[in-house]
Amino acid sequence: MKRYNITKDEILKKINSSLGTPLSFSEKILNEILNIITDGLNSENIVKIKGFGTFKVLNKKSRIGRNPKTGKTHLIDARKTVSF
């Protein structure tokens, strides 16, 4: 299945064309929404938006990875990721 990626600018343009709001105002709205989600993930490790979905912080363990071009192995550090 092919992934569908969208940029922040594309979201802003869609908000602008749908609502007719200036891009600067649309950007303020989008930034505030993203800040709310980020703050919730930082404090609670989970954000549920009813009728939309759930964002969760996942803790990935360190592991051995391999460069597919060279075959050389290296350590991938433990890290946190966000899952939707």
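Heavy-atom basis, side chains included; hydrogens, waters and symmetry copies ignored. For the single chain, residues carry numbers from 1 onward in sequence order.
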Identify the heavy atoms of Ser62 and Ala78 that sit nearest to each other, and give their distance.
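For Ser62 and Ala78, the tightest heavy-atom pair comes out as CB-N, 3.6 Å.
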Least distance between heavy atoms, Thr7 atom then Glu10 atom
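Shortest heavy-atom contact: N-OE1, 2.8 Å.
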Is there a donor in the side chain of Asn45 and an acceptor in the side chain of Lys80, or the other way round, less than 3.5 Å apart?
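There is no such pair (donor and acceptor under 3.5 Å, judged by atom type) between the side chains of Asn45 and Lys80.
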Would a single hydrophobic cluster contain both [Y] and [X], if residues Ile, Leu, Val, Met, Phe, Trp and Tyr are joined by side-chain heavy-atom contacts under 4.5 Å?
X: Ile33; Y: Leu41; value: yes
X: Ile36; Y: Ile11; value: no
X: Val57; Y: Ile76; value: no
X: Ile49; Y: Leu34; value: no

Pairwise side-chain contact, [X] with [Y], heavy-atom cut-off 4.5 Å (strictly under):
X: Asn59; Y: Thr81; result: no
X: Lys56; Y: Val47; result: no
X: Thr54; Y: Ile46; result: yes
X: Ile64; Y: Leu75; result: yes
X: Asn16; Y: Pro22; result: no

Give, for atom [atom1] of [X] and atom [atom2] of [Y], the distance between the pair rounded to the nearest 0.5 Å.
X: Thr38; Y: Asn31; atom1: OG1; atom2: CG; value: 10.0 Å
X: Asp39; Y: Glu32; atom1: CG; atom2: CD; value: 8.0 Å
X: Lys8; Y: Glu27; atom1: NZ; atom2: CD; value: 5.5 Å
X: Ser83; Y: Lys60; atom1: OG; atom2: NZ; value: 8.0 Å
X: Asn35; Y: Asn42; atom1: CG; atom2: CG; value: 10.5 Å

Name all residues meeting the side chain to side chain donor-acceptor pair (under 3.5 Å) criterion together with Thr21; count only those two or more places apart in sequence or in a different chain, and write none if there are none.
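Here the qualifying residues are Ser26.
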Run the ring-ring contact (aromatic ring centres under 6.0 Å, His included) test against Phe84 and tell me which residues pass, sequence neighbours left out.
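Counting only residues at least two positions away or on another chain, Phe84 forms a ring-ring contact (aromatic ring centres under 6.0 Å, His included) with Phe52, Phe55.
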Pick from Ile15, Asp9, Leu12: which one makes a side chain to side chain contact (heavy atoms under 4.5 Å, CB included) with Leu23?
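Answer to the side chain to side chain contact (heavy atoms under 4.5 Å, CB included) test with Leu23 among Ile15, Asp9, Leu12: Leu12.
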